[in-house]
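The model shown is predicted, which means the values in this text are computed figures rather than measured ones. Each chain gets a letter, A, B and so on, in the order the sequences are listed, and its residues count up from 1. In what follows, every heavy atom counts, from backbone to side chain, and hydrogens, waters and symmetry copies are set aside.
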Amino acid sequence: MPPVVRRLGHAVVVLWAAFTLSFVILYLLPGDAVLTKLGAAEAGVTSSPAEIAALRAEYGLDDPVLLHYGKRLLAALHGDFGTSVNTGDGATHMVLTALPPTLAVTGLALVLAVLFGGTVAVLGTYTRVRVLSRLLLALPPLGTSLPTFWVGLVLIQVFSFQLGLVPAIGATGFSSLVLPAITLALPNGAIVGQVLAKSLRTQLEQPYIEIVAAKGASRARVHFGHALRNAALPALTLVGVVTGNLLAGSVITETVFSRDGVGRVTTSAVTAQDVPVVQAVIVLAALFFVAVNLLVDLLYPLLDPRLARPREVSRV
Amino acid sequence: MSCELLEIHDLAVSYGEVEAVRGVNLSVRTGQVVAVVGESGSGKSTTAHAAIGLLPRGGHVVGGRITFAGRDLAGLSEKGWRSVRGTDIALIPQDPTVSLDPVRRVGEQVAEVLLIHRLATRRTAPGQAVELLARAGIADPAARARQYPHELSGGLRQRVLIAIALAGSPRLIIADEPTSALDVTVQREILDHLGGLAAEGTAILLITHDLGVAADRASRIVVMSEGLVVEEGPTRELLASPKVPYTQRLLAAAPSLTRTPSRPRREPGPDVLLEVSGLVKAFGDRTAVDDVSFTLTRGRTLALVGESGSGKTTTARMVVGLETPTAGTVTFDGHEVSRLAGERLRLLRRRFQLVYQNPYASLNPRFTIADVVAEPLRAFGIGTRVERRARAAELLDQVALPATVLDRKPAELSGGQRQRAAIARALALNPDLVVCDEPVSALDVSVQAQILELLVRLQDELGLTYLFITHDLAVVREIADQVGVMHEGRLVESGPADEILTNPVEPYTQRLLAAIPGGDAREAVR
């Protein structure tokens, strides 16, 4: 089986597992969306048993578990996760309409994270000024330890309220993307920077670097032409992980910056125990994560010939 | 005669506060091969790296002069050094397997030198790189140039590194242990090639731990120990009458120069301990071991000799049940190892133990030496804590380690001491058979001699039987009673040690024997 097909197979299994696990947790564990809805809709008026039964039937809660699961899975394969208990809209539709603003922020954040992390790591290992190197390489550990919501609040305080450069909240125009994207990019860029700096230092200690230097190569050639390309491999793996982090982080940034998006949809759906929407979010997040990691896996052989062309040693 | 090309005068190098090299004088003339010989930590590699301005991090030249063709190198700026490296002085490294950038094609890596020094344009460089690969002795260079390092064998990679060194037509090549990671036959080809370069007028500074290699290849030898030059002179004179005791010891210890076995050879006895018959191991469609049979009687030493990829280690692993044979049987004292599994194999394991090649990797760094040595006892639930500790102390005494190392960590011990600890661990369960996989090849020559002596003494005292895996025929000469020569998975020749070593029938064995360095030196010593 070619590796690509095997990877795709893995991806499908992961998605199925995400669906099944979320089904088990959301539908089978105690906590009833219907009761929550009725209770929330009108605390004073008691709903008639008939009303409850009708709603339960509507959501398929009366079917035997396996039948219910089968129906849900089949519907999910057609992109249908049911209707929101809260709003009555299609869960898939709700999540998909919330997706573009979230993708805009996470996409920008990913670019910024790689730029931040990459620059800090490369400059920190390249410079011969000891103080500068130490300062730069101290940034990533600092960045990973800052909580996202706090970074967001500080940025709003400084850039919106005091300097008035960008709007504090809202989702209009590119300028509103900047602060949330930076907020997300800082901790994640720090992770990228930490790993890249570490692997750059490891690569620079390798014997092949000495041979490049013995050829008469400049420091820049050694650093950018050889060490960086080898050091980029572990950092690339991280980009897959970081992308997941960014998506999860949007729950916090969208709340702090009052933006619409998947994060907000998630928060309200979880609060209201809006099971179909929550499941749609989980499966779409898994899909996103799987897709990014699949892409990373497929990119790897392009950067590392040892993976593209398995070892076949020719003798002297 | 031509004048001095490289002159090192009163050189001192320090790493921080630690002095690594001091008062070193040496010179190399055009077309001359000068060998710097010493054990690890002698400062030979530091001296060589100082001459090309590539000291490891923290290393500084703190005194003395390095002149190259009349030009002072010690005061050069980084930019000045860049113009020297590659074109005036080139470097061939120790371990070719880690000395090429893994993500670039080898042709590109050769061409890089030409581009750095503007000796070629982007258009002409690839073609010139192919020519250089051909000059370095690589067949089908155009195809090789497009390959990545991991697709080439160690010997081919070293040739690529030679091509890189040749690219800038340097007047001096510093070869830092250029063959110690290679098989003997490959080692010989590479050294022959370097000799050819010297004949064409390139000066070579050859750094080696192997006095045999130095003796064969160099016209002058510089012996270093603990950062000092202890003796220096023309090769023949130095070998014929070494003046300082250190050189004499080095000469005595060099395995490639020793001529006598360390104890009388033993004849096969009646008691067959190990019988291997028709052993085959296939990995996928590659046959690693192909129809290997031998018997080993109690108290003797069988050496399986071969180069990398010959199948000797895989054979040893099948003998101790770490690998399942594809076909054939291993019978240990009447038990068929290849049929046993689980608990019964585990119980039989008490009776055969392994000593690995690399004492730096085979000891758990978080254990104390007492834990390491007593681990087999713990695994079989033998004795109480106190008894096990007492046994560990006794075992350490047997391998001539002081009881004070009991509570030390492996990192605090030297390579030789670690290998002694590994041997003590192998002896913990009173085994009948000890399988030694290249037990001395990672050690300095003088330490090698001590470990071999220890193994021979233990064999006498404890009645051990050894299966010895090695690539080094000189080691075989010293300790084996019986030899099996492996080549491409097959046992091509086997018999009593002296017969194989003096009258080999197979051409492959003859080639192996001829490749042992130190032939000239043996003449000189005689």
K.L.:
Around B:W81, counting heavy atoms of other residues, nucleotides and ligands shown, do more than 12 lie under 6.0 Å from its CH2?
P.N.:
yes
K.L.:
Answer yes or no: is there a side-chain heavy-atom contact under 4.5 Å between B:R57 and A:E205?
P.N.:
yes
K.L.:
Would you call A:R221 and B:E112 a salt bridge, taking side-chain N to carboxylate O under 4.0 Å as the test?
P.N.:
yes
K.L.:
For the atom pair CD1 (A:I211) and CG (B:L91), what is the distance rounded to the nearest 0.5 Å?
P.N.:
4.5 Å
K.L.:
Rounded to the nearest 0.5 Å, what separation is found between the CG atom of B:L100 and the OH atom of A:Y208?
P.N.:
11.0 Å
K.L.:
Start with the C-alpha distance between A:D304 and B:V103, add both sets of side-chain angles, then the distance that settles side chain to side chain contact (heavy atoms under 4.5 Å, CB included), and finish with yes or no.
P.N.:
CA-CA 6 Å; A:D304 192 342; B:V103 301; 4.3 Å; yes
K.L.:
In terms of heavy-atom proximity below 4.5 Å to chain A, should B:L161 be classed as side chain, backbone, both, or neither?
P.N.:
side chain
K.L.:
So B:S99 and A:P207, do their side chains get closer than 4.5 Å, heavy atoms only?
P.N.:
yes
K.L.:
Yes or no on side chain to side chain contact (heavy atoms under 4.5 Å, CB included) for A:V212 and B:Q109, after CA distance, side-chain angles and deciding distance?
P.N.:
CA-CA 9 Å; A:V212 177; B:Q109 301 193 44; 5.9 Å; no
K.L.:
Where does A:Q203 contact chain B at under 4.5 Å (heavy atoms): side chain, backbone, both or neither?
P.N.:
neither
K.L.:
Relative to chain A, which of B:V113, B:I89, B:V98 shows the most heavy atom pairs under 4.5 Å?
P.N.:
B:V98
K.L.:
For the candidates B:H49, B:H117, B:R82, B:Q94, which exhibits the highest count of non-hydrogen atom pairs separated by less than 4.5 Å from chain A?
P.N.:
B:R82
K.L.:
What are the two closest heavy atoms between B:I116 and A:G216, and how far apart are they?
P.N.:
CG2-O, 3.3 Å
K.L.:
Identify the two heavy atoms, one from B:P102 and one from A:P305, that lie closest to each other, and give their separation to 0.1 Å.
P.N.:
O-CG, 3.5 Å
K.L.:
Rounded to the nearest 0.5 Å, how far apart are CG of B:L55 and CD of A:E210?
P.N.:
9.5 Å
K.L.:
Could you grab the distance from atom NZ of B:K79 to atom CZ of A:R219, nearest 0.5 Å is fine?
P.N.:
15.0 Å
K.L.:
For A:R7, does the CZ atom have more than 12 heavy-atom neighbours from other residues, nucleotides or ligands under 6.0 Å away?
P.N.:
no
K.L.:
Considering only heavy atoms, which portion of A:I209 lies under 4.5 Å from any heavy atom of chain B: side chain, backbone, both, or neither?
P.N.:
neither
K.L.:
Treating B:R104 as the side-chain partner and A:G225 as the backbone partner, does any N or O pair qualify as donor plus acceptor under 3.5 Å?
P.N.:
yes
